[in-house]
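Right, one structure below, let's go through it.
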Amino acid sequence: MATIGFIGLGNMGGPMAANLVKSQHQVTGYDVVTAPVGNLEQQGGKPAATVAEAAAAGDIVITMLPAGPQVRQVYLGPDGIIAKAKKGALLIDCSTIDVETARAVAAAAAEAGLQMLDAPVSGGVMGAQGGTLTFMVGGSEAAFRKGRPILENMGRTIVHAGPSGNGQIAKICNNMILACSMIATCEGFALAEKLGLPVQTLFDICSTSTSQNWAMNNYCPMPGPVPAAPSNRGYAAGFTAANMLKDLRLSQQAAGTAAAATPLGAAAANLYQLFVDGGNGALDFSGIMQMIRRQQE
Ligand code: NAD
């Protein structure tokens, strides 16, 4: 059994912390909103009233926060995790954030003699609830060896991607590729519809041909061929378009810093921006099919 401080008990962090409790760890949780702290307590965790209290309570401190600014706020400063964590504690940030912040916070932790991992996830809320997340982990080999058994209580696939920040790099590249393949799949199905080819025929051919990809085969944005896909339930999320836009912005920020050309990633970011600006941020990201179908009218 480990003692764990868990900060950020939202859609993802709440069920992740609950899985740690189920695995018999002593979990002390904090969130700026009080309701999820009460939920964790009902499930057998302990409440903390401040970041400092949660940070001091664990040999391991895990965070699951919205974005880079919240991560800087919670880790740095006189009452932050780095100042208040136990000597020798391992810090694990599971939020999806910019590479620069991940590396800056890990460097500040190292300066204070603390090990830190960036460990963003894929698998969404269902993966968090079911303990089947994929973790992409950046940090030292020693920190990874120490963190891995804890991450295994919340996920099924744990991959060490290299030094600090590399977990975030893997995450934003994965999601940029996913967004581009989703949009390409939408365009193909919208064009076939215009030209009079039945949806199921296109799916049967393409899902076994050279254009096959995860967005098409497992998550088809055109209603019909994949019964479990969000397209068959009004594009209820799933993984929201707003979250996809956030990750695409992170990929474009990183591409700018590295002077890397990502023209398709940039186009995908623009299209998701349009979709979200149209009031669709809460829809599943495959809902962009609706916008692309309309554009072809
Ligand atoms: P969420 O908004 O539901 O949860 C974030 C939680 O952090 C909230 O409960 C909020 O109150 C809390 N919080 C914010 N600032 C805080 C602070 N200063 N101190 C303490 N708590 C604070 O978001 P989520 O869906 O759980 O996502 C969390 C992270 O996981 C994000 O970086 C997101 O991009 C990433 N992610 C989400 C999904 C998904 O499907 N939701 C999938 C993969 C990755």
Side-chain angles (χ1 to χ4, degrees), residues 5-19 28-40 45 47-55 57-58 61-82 84 91-99 101-102 105 118-137 151 154-157 167-168 170-176 178-179 219 230 235-251 253 272 276 281-287:
F6 203 116
I7 297 164
L9 301 167
N11 292 326
M12 297 291 290
M16 288 164 71
N19 279 331
T28 304
Y30 172 72
D31 195 290
V32 277
V33 180
T34 50
V37 181
N39 287 344
L40 179 68
T50 59
V51 166
E53 195 184 325
V61 183
I62 301 176
T63 47
M64 192 50 162
L65 296 161
Q70 291 83 12
V71 169
R72 282 183 191 269
Q73 187 197 344
V74 163
Y75 276 87
L76 308 174
D79 292 315
I81 293 172
I82 292 174
K84 298 296 178 183
L91 316 180
I92 308 178
D93 179 36
C94 298
S95 328
T96 302
I97 63 168
D98 57 289
V99 178
T101 296
V105 174
D118 51 288
V121 304
S122 98
V125 175
M126 281 175 68
Q129 288 167 344
T132 59
L133 293 168
T134 294
F135 286 89
M136 303 153 228
V137 188
L151 298 179
M154 301 180 284
R156 190 179 280 160
T157 309
Q168 299 296 350
K171 170 77 184 172
I172 59 177
C173 289
N174 178 72
N175 280 16
M176 187 179 79
L178 172 61
Y219 213 80
Y235 297 100
F239 183 57
T240 64
N243 269 335
M244 178 54 93
L245 176 59
K246 175 198 158 189
D247 293 355
L248 284 166
R249 284 195 189 124
L250 290 175
S251 76
Q253 183 184 337
Y272 273 101
V276 170
L283 282 187
D284 188 78
F285 80 108
S286 61

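Each ligand, and each atom within it, is numbered from 1 in the order the structure gives.
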Report task. Classify the ring geometry between F239 and F285 as parallel (under 30°), tilted (30 to 60°) or perpendicular (over 60°). Result -> perpendicular
Query - Heavy-atom protein contact below 4.0 Å for atom 23 (O) of ligand 1 - result: no
Report task. Kindly confirm or rule out an N or O of S122 lying under 3.5 angstrom from an N or O of ligand 1. Result -> no
Query raised in the report: Who gets closest to atom 11 (O) of ligand 1 by heavy atom: D31, L65, T134, T96?
Result: D31
Report task. Go through ligand 1 atom by atom and flag the ones less than 4.0 Å from a non-hydrogen atom of Y30. Result -> 19 (N), 20 (C)
Requested in this report: Give the numbers and elements of all ligand 1 atoms closer than 4.0 Å to a heavy atom of G8.
Outcome: 7 (O)
Query raised in the report: Looking at SG of C94 and CE of M16, how far apart are the two atoms once the value is rounded to the nearest 0.5 Å?
Result: 4.0 Å
Requested in this report: Would you verify that at least one protein heavy atom lies under 4.0 Å from atom 2 (O) of ligand 1, or report that none does?
Outcome: no
Report task. Considering only non-hydrogen protein atoms, determine which one is nearest to atom 37 (C) of ligand 1 and report residue, atom name and distance to 0.1 Å. Result -> M12 CG, 3.7 Å
Requested in this report: Using a 4.0 Å heavy-atom cut-off, say whether K171 meets ligand 1 through its side chain, its backbone, both or neither.
Outcome: side chain
Query raised in the report: Can you tell which part of I7 has a heavy atom less than 4.0 Å from ligand 1: side chain, backbone, both or neither?
Result: side chain
Query raised in the report: Where on Q70 is there a heavy atom closer than 4.0 Å to ligand 1, on the side chain, on the backbone, on both, or on neither?
Result: side chain
